[in-house]
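Remarks on the structure that follows.
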Amino acid sequence: GLTLIIGNKNYSSWSMRPWVAMIAFGIPFEENRILLDRSDTATRIAEISAAGRVPVLLAGAITIWDSLAICEYLAEQFPDLHLWPQDVAARAMARSICAEMHSGFGGLRSAMSMNIRMSFPGKGRTPDAQADIGRICEIWEECLSRFGHHQFLFGPFSIADAYYAPVVMRFRSYQVSLAPALQAYADRVAAHPAVTQWMREALDEPERSAKYDAGPT
């Protein structure tokens, strides 16, 4: 069986990505949550992964400790589910935008951390965050027009949509205004059953973090 180790659903954007993908595609797994921002957090994660971060996927004797590596592993293990788009050009672009999200958007991350429970309208609009928002809008526009056809980024829900789901959470919390077609896409992501389940469970979490709940200064 598979075990996915995650952080708090309210704050852990990296954990959200493979969790949403696994729920969306009906891949059975056991969830193990390690609360972030606690005195024993680092120790508990270090017992599982030397990298010291969540999420981590345990697949028998195999440990996969990075969100994109987890998604790639799942796509390999469950080829019939088509976690990536089937079209070669679409799949290449999906991988590119996931890699870009994985390695970039530091301005958005630092100024607008994920907090599903809270609302920070208009906050976090640093120049770097604004530039990142502009780039994300470009990505969404291109994917939706070339491949998505008014559904998800590449038509059917894929790893790419799971990868940008935490961005949708941020845009909701910080009330980022989007062009109508992009807002419609964000609404579709937020309404996806896997995403609504994550949001519902995030809202039900009793644990709170003073560090994250204070919001951007």
Side-chain angles (χ1 to χ4, degrees), residues 13-27 55 66-109 111-112 114 116 124-199:
S13 56
W14 291 108
S15 298
M16 184 181 187
R17 296 180 170 107
W19 190 98
V20 162
M22 292 176 86
I23 295 287
F25 286 95
I27 298 169
D66 173 274
S67 60
L68 194 49
I70 291 168
C71 289
E72 289 283 16
Y73 175 83
L74 295 169
E76 281 176 5
Q77 295 301 305
F78 300 96
D80 297 346
L81 297 181
H82 306 299
L83 275 75
W84 287 117
Q86 289 179 261
D87 175 74
V88 173
R91 190 163 65 250
M93 183 152 188
R95 283 195 159 112
S96 296
I97 67 164
C98 288
E100 185 175 348
M101 169 52 64
H102 197 269
S103 62
F105 301 109
L108 182 72
R109 290 185 215 290
M112 302 167 76
M114 189 172 89
I116 293 168
R125 300 298 201 279
T126 63
D128 286 348
Q130 289 283 40
D132 286 348
I133 290 166
R135 174 60 189 146
I136 288 164
C137 289
E138 269 178 21
I139 288 170
W140 288 2
E141 279 170 7
E142 186 175 358
C143 293
L144 290 166
S145 64
R146 279 182 65 191
F147 303 108
H149 312 301
H150 312 294
Q151 297 180 68
F152 293 103
L153 292 175
F154 297 93
F157 193 88
S158 73
I159 287 169
D161 302 291
Y163 236 69
Y164 279 79
V167 170
V168 171
M169 299 299 99
R170 288 179 163 103
F171 285 1
R172 287 165 68 91
S173 294
Y174 295 82
Q175 293 179 24
V176 174
S177 59
L178 299 167
L182 302 188
Q183 186 59 57
Y185 166 70
D187 292 344
R188 283 194 292 279
V189 171
H192 189 283
V195 177
T196 56
Q197 185 181 336
W198 176 278
M199 290 167 71

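This structure is a prediction, so every number in the text was calculated from the model and none was measured.
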Q. What salt bridge (Lys or Arg N to Asp or Glu O under 4.0 Å) pairs are there with at least one residue in residues 157-177, not counting sequence neighbours?
A. none

Q) What are the two closest heavy atoms between Val176 and Arg125, and how far apart are they? A) CA-NH2, 3.5 Å

(Q) Between Leu108 and Ile136, does the side-chain contact (heavy atoms from CB on, under 4.5 Å) criterion hold? Intermediate values first, please. (A) CA-CA 10 Å; Leu108 182 72; Ile136 288 164; 3.6 Å; yes

Q. How close do Ala75 and Ile159 get, heavy atom to heavy atom, and via which atoms?
A. CB-CD1, 4.3 Å

Q: With sequence neighbours excluded, tell me which residues meet side chain to side chain contact (heavy atoms under 4.5 Å, CB included) with Ala186.
A: Trp140, Val168, Leu178, Gln183

Q) By side chain to side chain contact (heavy atoms under 4.5 Å, CB included), which residues pair with Ala69, not counting sequence neighbours? A) Ile64, Asp66

**Q.** Partner residues of His82 under the ring pair (Phe, Tyr, Trp, His ring centres under 6.0 Å) criterion, sequence neighbours left out
**A.** none

Q: Kindly determine whether Met93 and Cys143 satisfy side-chain contact (heavy atoms from CB on, under 4.5 Å), including the steps that lead there.
A: CA-CA 8 Å; Met93 183 152 188; Cys143 293; 3.7 Å; yes

**Q.** pair Pro166-Arg17: side-chain heavy atoms closer than 4.5 Å
**A.** yes

(Q) On a heavy-atom basis, which atom in Gly107 and which in Asp128 lie closest, and how many Å separate them? (A) CA-CB, 3.8 Å

Q) Shortest non-hydrogen contact from Gln151 to Leu144? A) O-CD2, 3.9 Å

Q.
Determine whether a donor-acceptor pair (N or O, by modelled atom type, separation under 3.5 Å) exists between the side chain of Tyr164 and the backbone of Ile97.
A. yes

Q: Name all residues meeting the side chain to side chain contact (heavy atoms under 4.5 Å, CB included) criterion together with Ala162; count only those two or more places apart in sequence or in a different chain, and write none if there are none.
A: Val20, Ala21, Phe157

Q: Please check if the side chain of Arg109 supplies one atom and the backbone of Gly104 the other of a donor-acceptor pair under 3.5 Å.
A: yes

Q: Could you pull out all residues at least two apart from Gln175 that satisfy side chain to side chain donor-acceptor pair (under 3.5 Å)?
A: Ser119

Q) Who passes ring pair (Phe, Tyr, Trp, His ring centres under 6.0 Å) against Trp84, sequence neighbours left out? A) none

(Q) So which atom in Ala111 and which in Gly124 form the shortest heavy-atom distance, rounded to 0.1 Å? (A) CB-O, 3.4 Å

Q. Could you give the distance from CG (Leu83) to CD (Glu76), rounded to the nearest 0.5 Å?
A. 11.0 Å

Q: Sequence neighbours left out, what passes side chain to side chain donor-acceptor pair (under 3.5 Å) with Gln197? Give chain and number order.
A: Glu201

Q. For Leu68 and Cys98, what are the C-alpha separation, side-chain angles and deciding distance, and is it a side-chain contact (heavy atoms from CB on, under 4.5 Å)?
A. CA-CA 8 Å; Leu68 194 49; Cys98 288; 4.1 Å; yes

Q: For Tyr174, enumerate each residue passing the side chain to side chain donor-acceptor pair (under 3.5 Å) test, keeping only those at least two apart in sequence or located in another chain.
A: none

(Q) Between Trp198 and Trp19, is the side-chain contact (heavy atoms from CB on, under 4.5 Å) condition met? List the steps. (A) CA-CA 8 Å; Trp198 176 278; Trp19 190 98; 3.3 Å; yes

(Q) Which residues pass the ring pair (Phe, Tyr, Trp, His ring centres under 6.0 Å) test with Phe105, not counting sequence neighbours? (A) none

Q.
In the structure I gave you, are the side-chain heavy atoms of Met101 and Val167 within less than 4.5 Å of one another anywhere?
A. yes

(Q) Using 0.5 Å steps for rounding, measure from the CD1 atom of Ile27 to the CG atom of Leu74. (A) 4.5 Å

Q) Asp132 versus Met112: any side-chain heavy-atom pair under 4.5 Å? A) no

Q.
Test: salt bridge (Lys or Arg N to Asp or Glu O under 4.0 Å). Region: residues 82-101. Which pairs qualify, not counting sequence neighbours?
A. Glu72-Arg95, Glu100-Arg135

**Q.** Qualifying residues under side chain to side chain donor-acceptor pair (under 3.5 Å), relative to Tyr163, sequence neighbours excluded
**A.** Ser67

Q.
Which heavy atom of Thr196 sits nearest to which heavy atom of Ala190, and what is that distance?
A. CG2-O, 2.9 Å

Q) Where does the angle between the aromatic ring planes of Trp14 and His102 fall among parallel (under 30°), tilted (30 to 60°) and perpendicular (over 60°)? A) perpendicular

